[in-house]
There are 2 protein chains.
Amino acid sequence: MRRKTKRVARAYHHGDLRDALLSAARDEIERSGYESLSMRDLAASLGVSEAAPYRHFTDRRSLLAALAAQGFRELEAAARRAMAKAPDPVARMDQGARAYLAFATRSPELFRLMFVSDLLTRAAPRDSSLVSVAHQFHHQFEAVVSGLCSRKDERSVKAAALTIWSLLHGFALLRMGHRLIPFMLGPLSGADLAEAVLSVASDSPNSIGRGLDHRRRGPRARKKQP
Amino acid sequence: MRRKTKRVARAYHHGDLRDALLSAARDEIERSGYESLSMRDLAASLGVSEAAPYRHFTDRRSLLAALAAQGFRELEAAARRAMAKAPDPVARMDQGARAYLAFATRSPELFRLMFVSDLLTRAAPRDSSLVSVAHQFHHQFEAVVSGLCSRKDERSVKAAALTIWSLLHGFALLRMGHRLIPFMLGPLSGADLAEAVLSVASDSPNSIGRGLDHRRRGPRARKKQP
DNA sequence: ACCATTAAGTTAATGGTGTTAACATCGATT
DNA sequence: AATCGATGTTAACACCATTAACTTAATGGT
């Protein structure tokens, strides 16, 4: 229904099916959740045969992976744009965090697909381009946090980055539980709460540094990773 | 495979199918992810016919919902047990948070099912008992955080609870991205990172209070505050 | 002791799904 | 102009959730 009917109204070749699939799939998952996306319905909605999508994506999984990769690129771009006009590192962090939360709010299902689906963790043929774009995203995030940290050693920065990311990430996800959230909010407005979270995010690099120093007895008492 | 073969080795009635289904399903989802759980395979693995499970669960969804509800009860019990011997509110929070993270580590797929699947948010016939047990869980969580807060008004407590929960929740989920995490960790051990996160969790109630006061300059600057 | 009821299994069928093989069409290259 | 590869189609296959209709066995009232 995109721009297909424009041409001859019955062209044998769609002309732009790959993009049309991604775009239609994206609309569809926001409507009904990514778990219930049906390849057949998708094809039908574009007026194309059941098997046509498989000329462009080997799998349903790979279509979803492409969607997720597109989401990562988009999120990175949005964050970059938001941070562009920030004067100092603190403002950069703040704007970046806002962009992250805004993305999760605008496209919750895409966000879930990117971060909590089994695409990145399960199944043998993991889409390598998806993995690389996800890594790239995290790299940029660490750079932003680094600007915020007083101590720039790798340990501190990585700890701070993952802590702040955890906070934003968890908040974004909890906010999606439509029925749960009103119960949790009480008299609090969503905006106020977001401010609270963001203020903690800005403060935390210091706490993290203190935390790491406080708790460690021996230089590196243990090397194991649970 | 439970205690079925004990009796007569070919009893027409299984005797304990409901529990057996839940138990087998739980094992299975931790092995292959909850999205790919198959009712047929499940039935087959218990030596029972394809339709048998539907005598105990109306749906695949409702089986998963029962699994999730069981998870909530278990998590709540584990947290309660962990917090039982804590002398003060700070220790309570710490122990509760550790129990939460430990649960997510021990049963990652069940955790995903409980918190980021579409069970609680999507679809018309939402399992009401699941919703209520989830609410109950959150209520207990708020009580723990309340003990940690200097200011006990509802606004502050709810903000603190959701902030701390966000942090733990996000960390638990990020830690599941098997391939992502080594990349994020760098020279940091997982245990050290957990300590950092936990220390922020303990500190944050104060930050949150400050955050809320600082940032608000709207019309009704304070509504229920002496 | 009988029998009706019912919970808990069974088999068989329905309809939907991802996916693939074999064939068809068309735009582009030679 | 003939060909060839990319893109689309049709017709299958295998899997899966779910349901209808039937069977078995245990239970409880008389």
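In what follows, chains are A, B, ... by sequence order, proteins preceding strands, each numbered from 1. Quick note: numbers below take in every heavy atom, side chains included, and nothing from hydrogens, waters or symmetry partners.
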If you assign A:Leu17 and B:Ser38 each to the DNA chain D nucleotide with the nearest heavy atom, which residue ends up on the more 5' nucleotide?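 Here A:Leu17 is the residue nearer the 5' end.
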
Nucleotide of D:dT9, C:dT10, D:dT18 approaching B:Ser49 most closely (side-chain heavy atoms):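 When the side chain of B:Ser49 is considered, C:dT10 is the closest of D:dT9, C:dT10, D:dT18.
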
Quick one: list whatever passes ring-ring contact (aromatic ring centres under 6.0 Å, His included) with A:Phe57, sequence neighbours left out.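 Testing A:Phe57 for ring-ring contact (aromatic ring centres under 6.0 Å, His included), a comparison that skips the adjacent residues, returns none.
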
Applying ring-ring contact (aromatic ring centres under 6.0 Å, His included), can you list everything that pairs with A:Phe141, at least two apart in sequence or on another chain?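 Partners of A:Phe141 by the ring-ring contact (aromatic ring centres under 6.0 Å, His included) criterion, ordered by chain and then number, come out as A:Trp165.
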
Ring centroid separation A:Phe111 to A:Tyr100 under 6.0 Å: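 Ring-ring flag for A:Phe111/A:Tyr100: true, centres closer than 6.0 Å.
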
Give me the residues of residues 50-57 of chain A where at least one heavy atom lies under 4.0 Å from an atom of DNA chain C, by number, or none.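 Correct list: A:Glu50, A:Ala51, A:Tyr54, A:Arg55.
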
Could you list the residues that satisfy salt bridge (charged side-chain N to carboxylate O under 4.0 Å, His left out) with B:Arg40, not counting sequence neighbours?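 By the salt bridge (charged side-chain N to carboxylate O under 4.0 Å, His left out) rule, B:Arg40 matches B:Glu50.
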
At less than 3.5 Å, do the side-chain atoms of A:Arg40 and the base atoms of C:dG18 form a donor-acceptor pair?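 Indeed, a donor on one side and an acceptor on the other fall under 3.5 Å apart.
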
For [X], which residues count as a side chain to side chain donor-acceptor pair (under 3.5 Å) partner, sequence neighbours excluded?
{"X": "B:Glu35", "result": "B:Arg112"}
{"X": "A:Ser129", "result": "A:Asp127"}
{"X": "B:Ser49", "result": "none"}

Per-residue pairing states of DNA chain D in dot-bracket (Watson-Crick or G-U under 3.5 Å; . unpaired, | other strand) read ||||||||||||||||||||||||||||||

For B:Arg60 and C:dG16, give me the distance from atom CZ to atom P, rounded to whole Å.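 Those two atoms, CZ and P, are 18 Å apart.
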
Anything under 3.5 Å between a donor and an acceptor, one on a side chain of residues 70-79 of chain B, the other on a protein residue two or more places apart or in another chain? List them.
from    : atom 1 : to      : atom 2 : distance (Å)
B:Glu74 : OE1    : B:Arg26 : NH1    : 2.7
B:Glu74 : OE2    : B:Arg26 : NH2    : 3.0
B:Glu76 : OE2    : B:Arg80 : NH2    : 3.1

